[in-house]
Amino acid sequence: MFPLPNAVWSTGCTAISLWYFGHYAYAMPLGSALGLLGSIPLHYAFGRIRRTAAELCGFETNGVEEQTVRRVRRAVESSRRVRARVDVLSLISRFGGGTFQPSPSRTSRPPSVELRQVALGGVEEKQRELQARVSASADSPRGVWRAIQGQSSARNRLVLTVKRDNVGQALLDVCRADPSVLMRGAVTVAFGNHERGADFGGLTRDFFDTIGVWVSDPANQLVAVTADSTVLPIRQHPDGRLLRQSTNTSTDWRQELFGLGRLLGLGVIKGVPMNIQLNRCVYKVLLEEPITAADVVSIDPDFAQHHLGTVLRGGGVAQMEALLFGELYFVAAPPDGVGADVELIKGGKKKRVTERNKKLYVKKIIEHHLIGHCRPELALLVEGFHDVIPRQLLHECQINAIELELIVAGLPDDLDVADWRRHTNFQCNNHSAELEEWFWTAVAEMTAEDRAKLLSFTCGTSRLPFGGFAALEPPFQVDIGGNPSHLPLGRTCANLLELPPYDTPEVLMVNLHIATHSDAGFGFL
């Protein structure tokens, strides 16, 4: 793998030969010959190791750097460790008879401008802080060592040549790039096929928009569309079958997903959003944030209502067993529906679910249901992203899932409140009509960033389709109802905001802020 072992082997053989044949005149050429012959099997062995590592990762070995092989192999091996934390309390409070009580200290705070901003600054401020930290990390000892080596500045940059008829090749190029180059954002884009132009930022933005559309197309078999029209990295054929092996002989899906993760990180560094609507769960796994009930609903509302909703009710285990016509154990159906059941815990096939341990069952079944069918794919994307932006730096900047989504997908243009209101279905449900005025007054007084968070909280994305609110399907809806002690709830599958009938406009504004900034809303359809 490296020249050092061969040199040591050759030198050792030469020394032994000199010692043994030291009194002969032909000792030196004989020792050199033995050293050369001895290096041949060692070179073959290391070559075989390289090929085996590449085969384990599913790579075509030609032209793929060994460093990339090791990094992607590490991502493949880490797939078993990819887990989604689950906030069971949000589930129990919804179905177990409990209530969610906002902190009195929060509800008593005045709706000031400072309250409508994130504690440590807005999204743009956090992004700039993250960029500075990643840049400093890239200039740590490795960057200094590269400078000492005297490498040319040209080699410390990546020129990404993109062909519009083969956009996916760019993901492979990013996968094989030096991560320190990506961490510094030293990447420019050049379009092939005689498209001439200097990249002063416009070509990069064009590329990120193009690659986002390409990745989001299920026909390219890298992602699958969920119930709320966002995407998850799932190897799925257009006919709905899950794929576990690459069907494209010219590329490799492992490299593409690893490159996609790196490219998302590069976009954060360069401040260029990607036109892709990843499911909120992806951002939560990236940040190691807990999955809430609202996340389950966004992907599979039927599973949330009929399975989790039944189990979490009082006496729900017996009700579920009656529906299944059998006992309930710590197992789940295989991701693709083929093969034996998957154990949620060790010995799960023999461990029965009871009222006492159903909290553990709910945590395990949600984690399996959300990422069990895409664990290898998600691991590749997560490891690729953290290859450019380390986990520790994300935690130091205290970025949450909604903020990371806005950083990756970009803040939309300032939303037109009048157009928003014109294309919104507002249901007061026998409550005072002044609640509608309170709501739209609160929206009008929000910053552009807060309006984007409200849109993302309700619809699962901060981007509007072409045509604006008029083209949003289903239309944006506000439904007044529920318990005034609850926070507002976003149902992303229906683009529905459930707004409790608060007593004052100040309480409405404060609770709306808390829900959209902490992603605390929860509920089931």
Side-chain angles (χ1 to χ4, degrees), residues 90 93-94 98-119 122-123 292-294 297 400-403 406 412 414-462 464 469 472 474-492 494-525:
S90 69
S93 60
R94 183 67 178 181
T99 58
F100 179 84
Q101 297 288 347
S103 171
S105 61
R106 290 181 177 180
T107 57
S108 62
R109 295 176 61 182
S112 61
V113 175
E114 291 78 15
L115 179 61
R116 295 197 301 271
Q117 295 179 351
V118 182
V123 173
T292 64
V297 174
N400 62 36
I402 291 182
E403 291 168 339
L406 293 175
D414 196 2
L415 300 170
D416 187 343
V417 179
D419 182 64
W420 193 344
R421 182 172 185 173
R422 189 163 47 249
H423 296 96
T424 295
N425 296 331
F426 207 103
Q427 301 293 331
C428 288
N429 298 325
N430 298 324
H431 294 284
S432 175
E434 64 181 354
L435 283 166
E436 181 176 358
E437 293 299 327
W438 292 354
F439 173 77
W440 290 116
T441 299
V443 174
E445 293 180 2
M446 289 179 179
T447 63
E449 178 182 312
D450 287 345
R451 281 193 282 268
K453 288 184 176 182
L454 174 60
L455 181 64
S456 177
F457 176 78
T458 308
C459 302
T461 176
S462 60
L464 288 173
F469 284 101
L472 194 62
F476 193 92
Q477 304 173 69
V478 180
D479 190 6
I480 303 295
N483 192 327
S485 65
H486 285 184
L487 291 175
L489 165 67
R491 301 187 186 277
T492 56
N495 295 338
L496 171 65
L497 177 68
E498 271 193 15
L499 191 65
Y502 298 119
D503 297 330
T504 65
E506 290 78 15
V507 174
L508 183 149
M509 182 178 293
V510 170
N511 286 348
L512 194 61
H513 169 85
I514 295 173
T516 56
H517 282 69
S518 62
D519 196 22
F522 56 84
F524 289 90
L525 292 175

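Atom set for the values below is all heavy atoms of this structure, side chains included, hydrogens, waters and symmetry mates excluded. The first residue in the sequence is number 1, and the count goes up from there.
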Seminar exercise, completed: Heavy atoms of Cys459 and Phe476 approach each other most closely as SG-CD1, 3.8 Å
Exercise. Does Glu449 use its side chain to pair, donor to acceptor, with the backbone of Val123 at less than 3.5 Å?
Worked result: yes
For this session: To the nearest 0.5 angstrom, please state how far the CD atom of Glu436 sits from the OG1 atom of Thr441.
Result: 10.0 Å
Problem set entry | Sub-4.5 Å side-chain heavy-atom contact between Glu498 and His486 | no
For this session: For residues Pro500 and Pro488, report the shortest heavy-atom separation together with the two atoms involved.
Result: CD-CA, 3.9 Å
For this session: Show your reasoning for whether side-chain contact (heavy atoms from CB on, under 4.5 Å) applies to Phe439 and Leu497.
Result: CA-CA 11 Å; Phe439 173 77; Leu497 177 68; 3.6 Å; yes
Exercise. What is the minimum heavy-atom distance between Phe457 and Leu489, and which atoms define it?
Worked result: CE2-C, 3.9 Å
Exercise. Is there a donor-acceptor contact under 3.5 Å from the side chain of Glu403 to the main chain of Asn400?
Worked result: yes
Problem set entry | Donor-acceptor contact below 3.5 Å, side chain Asn425 vs main chain Gln477 | no
Exercise. Can you name the nearest heavy-atom pair linking Asn429 to Ile480, along with the distance?
Worked result: ND2-O, 2.9 Å
Problem set entry | Minimum heavy-atom distance Val507-Tyr502, with the two atoms named | CG1-CD2, 3.8 Å
Exercise. Could you state the interatomic distance from CG (Leu472) to CG (Leu455), rounded to the nearest 0.5 Å?
Worked result: 7.0 Å
Problem set entry | Check: Arg451 side chain, Met446 main-chain N or O, donor-acceptor pair, under 3.5 Å | yes
Exercise. Any donor-acceptor pair under 3.5 Å linking the side chain of Ser456 with the backbone of Ala452?
Worked result: no
Exercise. In terms of ring plane angle, is the pair Phe469 and Trp420 parallel, tilted or perpendicular, where the classes change at 30° and 60°?
Worked result: parallel
Exercise. Is there a donor-acceptor pair closer than 3.5 Å between any side-chain N or O of Thr516 and the backbone N or O of His513?
Worked result: yes
Exercise. How far apart are the closest heavy atoms of His431 and Gly481, and which atoms are they?
Worked result: NE2-CA, 4.3 Å
Exercise. Do Leu435 and Leu499 have side chains that get closer than 4.5 Å, going by heavy atoms?
Worked result: no
